[in-house]
Amino acid sequence: MDMRLATWNVNSLRSRLPRLLPWLAETHPDIVCLQETKTAAGAFPTDELRAAGYESAAHSEGRWNGVAILSRVGITDVTTGFDKEPGFPDPEARAISATCDGLRVWSVYVPNGRTPDSPHYAYKLSWLAALRDALTPALAAGPVVVCGDFNVAPTDADVWDPAAFAGATHVTVPEREALAQILAAGFTDVVPRPMKGPHPFTYWDYRAGMFHQNMGMRIDLVYASAGVTVESAYIDREARKGKAPSDHAPIVVDLS
DNA sequence: ATGACTGTTGGTAACAGA
């Protein structure tokens, strides 16, 4: 059957609800992975999303982070976090998984890393390695899609200017190697088509007119296992325009 | 124009994001 899957770092679900709800009505995704919901436990807008036709599963912690999965095709076997998930020092709300109509879906928000010499960078690498380990048994159980803000640009073509990122996080060899290790576990990188220009960027800094100059990055990724047939995928950069947007655009993936 | 950051909080400045 056909299924439409989306992933979007909304940079505060409460602030973005006026953008998310009409977008859901226009785009009609069956499953939506959200990151940076920034919702406190108990403050998730379950009722508003139910009224829009979606069941919710959320992993919330308050001021930072927060991930969720929305579904209108059922949502069962919800797991928050994963086995041996590292923390800083305690595990944060960065991963949630659920089964939606036979598909195992993960929504992840990888630690930023800040700078390569920061303890947050080591945390990021250990988190990615542990995610890879946690995905191995999931892959054995059936088709899996891992969606989210990976906070790593897979190649130099995935940043607007590689020279501008010299010495910065998101582009280092160890980060890219961590992505390669996840792919090697049994995934394909579903590269979405950009709506405009050659670069499939998903994030543009709010500052200095970065968006209108198309100075972006591809750091939101969709990893699909064998058994998941992707018909098409695109970045909805229209959702990055207008009043009070997130700094990330959603990725929409049509599966069959 | 899609426009020059935006989100959070025992807040009103500080920090995080990437």
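No hydrogens, no waters, no symmetry mates; every other heavy atom, side chains included, goes into these values. Throughout, protein chains are lettered first and strands after them, A, B, ... in sequence-line order, and every chain is numbered starting at 1.
Phosphate proximity of B/dA18 to A/Asn9: present, with a side-chain N or O under 4.0 Å from OP1 or OP2. Under 4.0 angstrom from either OP1 or OP2 of B/dA18 there lies at least one side-chain N or O belonging to A/His248. Contact check, A/Arg14 against B/dT8: a side-chain N or O comes under 4.0 Å of OP1 or OP2.
No side-chain donor from either of A/Ser118 and A/Tyr123 sits under 3.5 Å from a side-chain acceptor of the other. Counted by atom type alone, A/Tyr203 and A/Asn11 present zero donor-acceptor pairs between their side chains at under 3.5 Å. Judged purely by distance below 3.5 Å, without hydrogens or angles, the side chains of A/Glu55 and A/Ser71 never pair a donor atom with an acceptor atom.
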Tabulated below should be each protein N or O lying under 3.5 Å from an N or O of nucleotides 14-16 of chain B; please produce it.
{"unit_1": "B/dA16", "atom_1": "O5'", "unit_2": "A/Arg114", "atom_2": "NH2", "d": "3.4"}

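Proximity of the aromatic rings of A/Trp204 and A/Trp160 is defined here by a centroid distance below 6.0 angstrom, and this criterion is not met. Outside the 6.0 Å centre-distance limit, the rings of A/Phe165 and A/His170 are not counted as a close aromatic pair. Aromatic ring centroids of A/Trp127 and A/Tyr109 lie 6.0 Å or more apart.
Comparing B/dG10 with B/dC5, their C1' atoms are spaced 26 Å from each other, to the whole Å. For the C1' atoms, the distance linking B/dA4 with B/dT8 amounts to 22 Å, nearest Å. For the P atoms, the distance from B/dA18 to B/dA14 is 22 Å, rounded to whole Å. When the C1' atom is used for both B/dT6 and B/dG11, the distance is 16 Å, rounded to whole Å.
Ranking B/dA18, B/dT8, B/dT6 by closeness to the A/Ser12 side chain, first place goes to B/dT8.
Note: CG (A/Asn65) to C1' (B/dG7) measures 13 Å, nearest angstrom. In this structure, the CG atom of A/Asn11 is 11 Å from the C1' atom of B/dA18, given to the nearest Å. The separation between A/Asp220 atom CG and B/dA18 atom C1' is 11 Å, rounded to whole Å. Here B/dT6 presents its P atom at 19 Å from CG of A/Leu13, a figure rounded to the nearest Å. When the C1' atom of B/dT6 is taken as reference, atom CG of A/Leu17 falls 17 Å away, rounded to whole Å. Here the P atom of nucleotide B/dG7 and the CD atom of A/Glu61 are 19 Å apart, to the nearest Å.
Among residues two or more places apart in sequence or in another chain, the salt bridge (Lys or Arg N to Asp or Glu O under 4.0 Å) test is passed with A/Arg63 by none. For the salt bridge (Lys or Arg N to Asp or Glu O under 4.0 Å) test, residues two or more places apart in sequence or in another chain that qualify with A/Arg94 are A/Glu92. Residues that satisfy the salt bridge (Lys or Arg N to Asp or Glu O under 4.0 Å) test with A/Asp236, not counting sequence neighbours, are absent from this structure. Shown here are the side chain to side chain donor-acceptor pair (under 3.5 Å) partners of A/Tyr234, two or more places apart in sequence or in another chain: there are none. With sequence neighbours left out, A/Asp30 forms a side chain to side chain donor-acceptor pair (under 3.5 Å) with A/Arg72. Here A/Glu238 pairs with A/Lys241 under the salt bridge (Lys or Arg N to Asp or Glu O under 4.0 Å) rule; sequence neighbours left out. Residues satisfying the side chain to side chain donor-acceptor pair (under 3.5 Å) test with A/Ser12, not counting sequence neighbours, are A/Ser15.
Residues of residues 189-214 of chain A that place a heavy atom closer than 4.0 Å to DNA chain B, in numerical order, are A/Lys196, A/Tyr203, A/Tyr206, A/Arg207, A/Ala208, A/Gly209, A/Phe211, A/His212. Shown for residues 234-241 of chain A: residues whose heavy atoms fall under 4.0 angstrom of DNA chain B, namely A/Lys241. For the segment residues 148-162 of chain A, residues with any heavy atom less than 4.0 angstrom from an atom of DNA chain B are, sorted by number, A/Asp149, A/Asn151.
In this structure, A/Arg19 contributes its side chain and A/Ser246 its backbone to no donor-acceptor pair below 3.5 Å.
In B/dG10 the base sits syn relative to the sugar, since the glycosidic angle is no further than 90° from 0.
Nearest-nucleotide positions on DNA chain B place A/Gly242 closer to the 5' end than the other of A/Gly242 and A/Pro245.
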Under 3.5 Å, side-chain donor or acceptor atoms of residues 183-195 of chain A against the rest of the protein: list the pairs with distances, not counting sequence neighbours.
{"unit_1": "A/Asp189", "atom_1": "OD1", "unit_2": "A/Arg218", "atom_2": "NH1", "d": "3.2"}
{"unit_1": "A/Asp189", "atom_1": "OD2", "unit_2": "A/Arg218", "atom_2": "NH1", "d": "3.4"}
{"unit_1": "A/Asp189", "atom_1": "OD2", "unit_2": "A/Arg218", "atom_2": "NH2", "d": "2.9"}

